[in-house]
Amino acid sequence: MTLRVYNTLTRTKEEFQPVVPGKVGIYLCGPTVYKPAHIGHMVGPVIFDTIKRYLTYCGYEVTFVINITDVDDKLINRARERGMTVEELAREMTQDYFDNLELMGVETVDHFPRATEHIAEMQQMISRLIEKGYAYPLEGDVYFEVTKDEDYGKLSRRSVEEMLAGARVEANERKRNPADFALWKKSKPGEPAWDSPWGPGRPGWHIECSVMSMKYLGETFDIHGGGLDLLFPHHENELAQSESCTGKPFVRYWLHNGLMQASGAAKVGGAHDRHGDLVDQLAAQEANKLAGSKGADSVKGLFEVFPPETVRFFILSTHYRSPIDFSEERIAEIGKGLEGFYRLIETYQRITGKDFYALETATRRNDSPPLPEEPADFIAEVQQLRDRFFEAMDDDFNTGGAVGTLYELRRAINAFVNQRQLEGAGRSDRQAMAAFEAAMRLLKELANILGVFRRPVQKPAGADDEMVGRLLDLLVAIRAEARKAKNFAMADKIRDELAKLNVTLEDRPDGTIWRRN
RNA sequence: GGCGCCGUAGCCAAGCGGCCUAAGGCAGCGGAUUGCAAAUCCGCCAUCGCGGGUUCGAAUCCCGCCGGCGCCUCCA
């Protein structure tokens with residue numbers, strides 16, 4: 001089975017072949033930390049976290065880097081507005097970003113390099129580019145000269161001529177070419193500044209990613225990720241300056257994820273297009289407001305309404321290259337789908353008395369234990385679903401397809417539990433129980449690759465929880481007596497009244513359980 | 001205007017030339033199960049935007065049209 005990935009550079013699916021056999025380097029463009037993260041900022045990290053999980057599972061040793069842009073015009077402006085230093089603002093928003101990543105289950109990142117911690121390296125790279133004739137200083141700035149780079153535009157498939165034709169009036173007309181971009185920017189008084197051979201200033205936007213990616217992953221590395229919106233100019237420029245500097249290929253596979261959009265109107269948190277008329281802009285803004293009432297603003301707000309795991313599942317339910325329409329309805333729908341998994345997990349824990357979340361499962365495919373032989377038909381089905389899960393993941397990380405097989409696995413296991421009456425008399429059937437447990441372990445193993453079902457979903461917490469639980473147990477016990485006495489009127493009344501309080505009762509073969517909705 | 005992407009059931013979505021008389025989820029309908037429910041299971045629910053073409057064969061490739069969207073502004 002071979003892994004194939006869609007490479008933006010070649011616009012085709014290619015067989016995945018790392019630079020160094022057995023090892024993979026992934027660099028993902030991270031956030032500019034000037035405001036709280038919104039849902040769109042979570043898409044890339046969740047996707048590439050999943051990609052790393054899968055590659056690791058496949059046996060690769062993976063290094064995953066996400067950069068933090070902590071110096072930038074937006075930071076400077078926002079910090080000024082809030083009456084704080086750029087450093088303070090960056091620290092606060094970086095923490096917000098980390099908090100959200102943790103909640104989303106993004107936990108495979110090895111390095112979070114900050115731009116401000118790599119100024120010296122950036123200056124070295126800029127100097128090299130000047131020496132090699134690809135860049136020129138200009139009144140305290142330094143620019144990369146795009147016409148010196150033979151294949152400039154190869155990633156986004158633009159030619160310098162086209163860009164010249166469509167170029168708008170530039171603020172700085174002294175640049176040799178309007179498309180030339182800044183490597184180093186002279187600072188104005190009061191702005192953060194670092195000394196440099198070209199005078200006090202700060203780095204341009206693209207240079208940090210070149211420097212930090214190559215520092216942690218080497219001059220040629222495997223996977224560079226980011227949102228589709230970064231394709232041009234950011235990635236194009238990153239590619240140009242990196243290859244001009246080293247003379248080596250920069251990145252093997254460019255992977256771009258689709259953007260989160262608010263109900264098909266406009267991407268979340270983005271600026272509005274300058275070609276549309278005013279009406280369109282207002283409509284887009286309105287749609288943004290409506291659909292993005294929670295997540296478009298900040299992820300934190302969204303998490304007050306939906307468990308982070310549901311949001312993660314939502315992101316992974318569609319292919320990473322497709323745009324996703326964000327809406328609370330959609331996420332609520334995904335949440336309903338997930339509930340079935342949680343119930344199966346509870347069923348498992350009831351039947352076996354084991355803690356599903358504490359189960360040790362294989363983290364590498366080669367360590368995956370073989371399934372039992374019997375019962376053959378059930379095992380065959382489980383095996384087939386496992387294969388289809390991998391087939392999907394091998395096909396450009398098709399998490400949507402993989403999620404589908406997880407649902408089918410759930411269905412198959414539930415059917416098996418029913419058929420063998422594992423909640424009742426069948427519990428003593430050791431063969432059936434072994435098969436059931438193996439299937440559940442596989443479910444966990446596969447879910448781990450997607451980064452879901454790793455720990456119990458947090459119930460709405462309250463100080464009275466323990467007491468509530470005891471009271472519910474008491475009501476259930478009283479109701480059981482009523483049912484025994486065939487006093488169904490009373491039994492139903494208890495159940496109906498509890499339903500009004502959002503407590504659902506289930507009379508199962510081996511007893512009644514209650515669940516708070 | 002330039003470059004590019006997308007259009008599959010009520011909604012979301014996989015599918016990348018034959019395994020598709022098209023996964024999966026949500027909603028809906030019928031049934032099994034249940035004292036009744038809940039949960040679960042079984043079954044039903046699309047010919048793939050439209051029109052041409054290529055091919056023995058197309059949702060999948062090509063052309064045109066219609067509709068939606070992105071980038072061309074330091075937005076992930």
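Below, each value reflects all heavy atoms present in this structure, side chains not excepted, and no hydrogens, waters or symmetry copies. Per chain, numbering begins at 1; letters A, B, ... match sequence-line order.
Counting any heavy atom pair closer than 4.0 Å across all strands shown, Asn414(A) reaches sugar-phosphate atoms only and no base atom. Across all strands shown, Arg343(A) has heavy atoms under 4.0 Å from sugar-phosphate atoms exclusively, and none from any base. Among the heavy atoms of the strands, none lies under 4.0 Å from Arg78(A). Using a 4.0 Å heavy-atom distance criterion, Gly204(A) is classed as making no nucleic acid contact. In this structure, Lys13(A) reaches the bases: a heavy-atom distance under 4.0 Å links it to at least one base atom across the strands shown. Residue contacts shown for His319(A) are limited to sugar-phosphate atoms, with no base heavy atom under 4.0 Å away.
Heavy-atom nearest nucleotides on RNA chain B were determined for Arg4(A) and for Ala412(A), and the one closer to the 5' end corresponds to Arg4(A). Nucleotides of RNA chain B nearest to Ile324(A) and Arg495(A) differ in position, and the one nearer the 5' end is that of Ile324(A).
Under the 3.5 Å distance criterion, with hydrogens and angles disregarded, a donor-acceptor pair is assigned to the side chains of Thr50(A) and Arg312(A). Side chains of Asn237(A) and Trp205(A): a donor-acceptor N/O pair is absent below 3.5 angstrom, by distance only. Under 3.5 Å, the side chains of Asp99(A) and Tyr97(A) contain no donor-acceptor pair of N or O atoms.
Arg11(A) has its CZ atom 7 Å from the P atom of C5(B), to the nearest Å. Computed from coordinates, the Glu208(A) CD to A76(B) P distance equals 11 Å when rounded to whole Å. Atom-to-atom, NE2 of His234(A) to P of A76(B) comes out at 10 Å; the value is rounded to the nearest Å. The distance between atom CG of Asp496(A) and atom P of A37(B), rounded to the nearest whole Å, is 12 Å. With rounding to whole Å, Glu423(A) atom CD is found 14 Å from U34(B) atom P. Rounded to whole Å, atom P of G2(B) lies 17 Å from atom CZ of Phe232(A). Between Arg350(A) atom CZ and U40(B) atom C1' there is a gap of 11 Å when expressed in whole angstrom units. If you measure from atom CZ of Phe416(A) to atom C1' of C42(B), you get 17 Å, rounded to the nearest angstrom.
The base-pairing partner of C72(B), taking Watson-Crick or G-U wobble contacts with both distances under 3.5 Å, is G1(B). In this structure G30(B) sits in a base pair with C42(B), meeting the Watson-Crick or G-U test at under 3.5 Å. Across all strands shown, the partner of C56(B) is G18(B), judged by Watson-Crick or G-U wobble contacts whose two distances both fall under 3.5 Å. Checking G64(B) for Watson-Crick or G-U wobble geometry (two distances, each under 3.5 Å) identifies C50(B) as its partner.
The distance between the ring centers of Phe306(A) and Phe314(A) does not fall below 6.0 angstrom. Within the 6.0 Å centre-distance limit, the rings of Phe341(A) and Phe453(A) are counted as a close aromatic pair. Ring pair Tyr6(A)/Tyr253(A): centre-to-centre distance not below 6.0 Å. Aromatic rings of His235(A) and His206(A) (six-membered ring for Trp) have centroids beyond the 6.0 Å cut-off, not under it.
Under the 4.0 Å criterion applied to side-chain N and carboxylate O atoms, Arg508(A) and Glu423(A) are assigned as salt-bridge partners. In this structure, Asp96(A) does not pair ionically with Lys35(A), as no charged nitrogen and carboxylate oxygen lie closer than 4.0 Å. A salt bridge links Glu497(A) and Lys500(A); the closest N-O separation between the charged side-chain nitrogens and carboxylate oxygens is under 4.0 Å. Salt bridge absent: Arg388(A) and Glu391(A) never bring a charged side-chain N and a carboxylate O closer than 4.0 Å.
Spacing of P atoms, U47(B) relative to A22(B), comes out at 10 Å, to the nearest Å. Separation of the C1' atoms belonging to G70(B) and G30(B) is 44 Å when rounded to the nearest angstrom. For the P atoms, the distance linking G53(B) with A13(B) amounts to 32 Å, nearest Å. Separation of the C1' atoms belonging to A58(B) and G18(B) is 10 Å when rounded to the nearest angstrom. The separation of C16(B) from U21(B), taken at their P atoms, amounts to 14 Å, rounded to a whole angstrom. Using C1' as the reference atom, G17(B) and U60(B) are 6 Å apart when rounded to the nearest Å. Straight-line distance between the P atoms of C42(B) and A23(B): roughly 15 Å, to the nearest whole Å. Rounded to a whole angstrom, the distance from the C1' atom of U8(B) to that of A14(B) is 10 Å.
Scanning atom types as modelled, one donor and one acceptor separated by under 3.5 angstrom connect the side chain of Asp492(A) and the base of G35(B). With hydrogens and angles ignored, no donor-acceptor pair under 3.5 angstrom links the side chain of Arg158(A) to the base of C72(B). Put simply, the side chain of Arg157(A) and the base of G4(B) share no donor and acceptor less than 3.5 Å apart.
Ring pair His38(A)/His41(A) is tilted by interplanar angle, where 30° to 60° counts as tilted.
Taking CZ of Arg321(A) as the start and CG of Asn257(A) as the end, the distance is 11.0 Å to the nearest 0.5 Å.
Residue Thr32(A) places at least one side-chain N or O under 4.0 Å from the OP1 or OP2 atom of A76(B). OP1 or OP2 of G15(B) lies within a sub-4.0 Å distance of a side-chain N or O belonging to Asn398(A). Thr318(A) has a side-chain polar atom (N or O) that falls below the 4.0 Å cut-off from OP1 or OP2 of A14(B).
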**Complete:** With B for base contact, S for sugar-phosphate-only contact and - for none (protein heavy atoms under 4.0 Å), nucleotides 19-25 of chain B reads ----BSB
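Of the candidate nucleotides C69(B), C72(B), U40(B), C69(B) has the atom lying nearest to any side-chain atom of Gln261(A).
Taking a 4.0 Å limit (strictly below) on heavy-atom distances, residues 503-514 of chain A reaches RNA chain B at Thr504(A), Leu505(A), Glu506(A), Asp507(A), Arg508(A).
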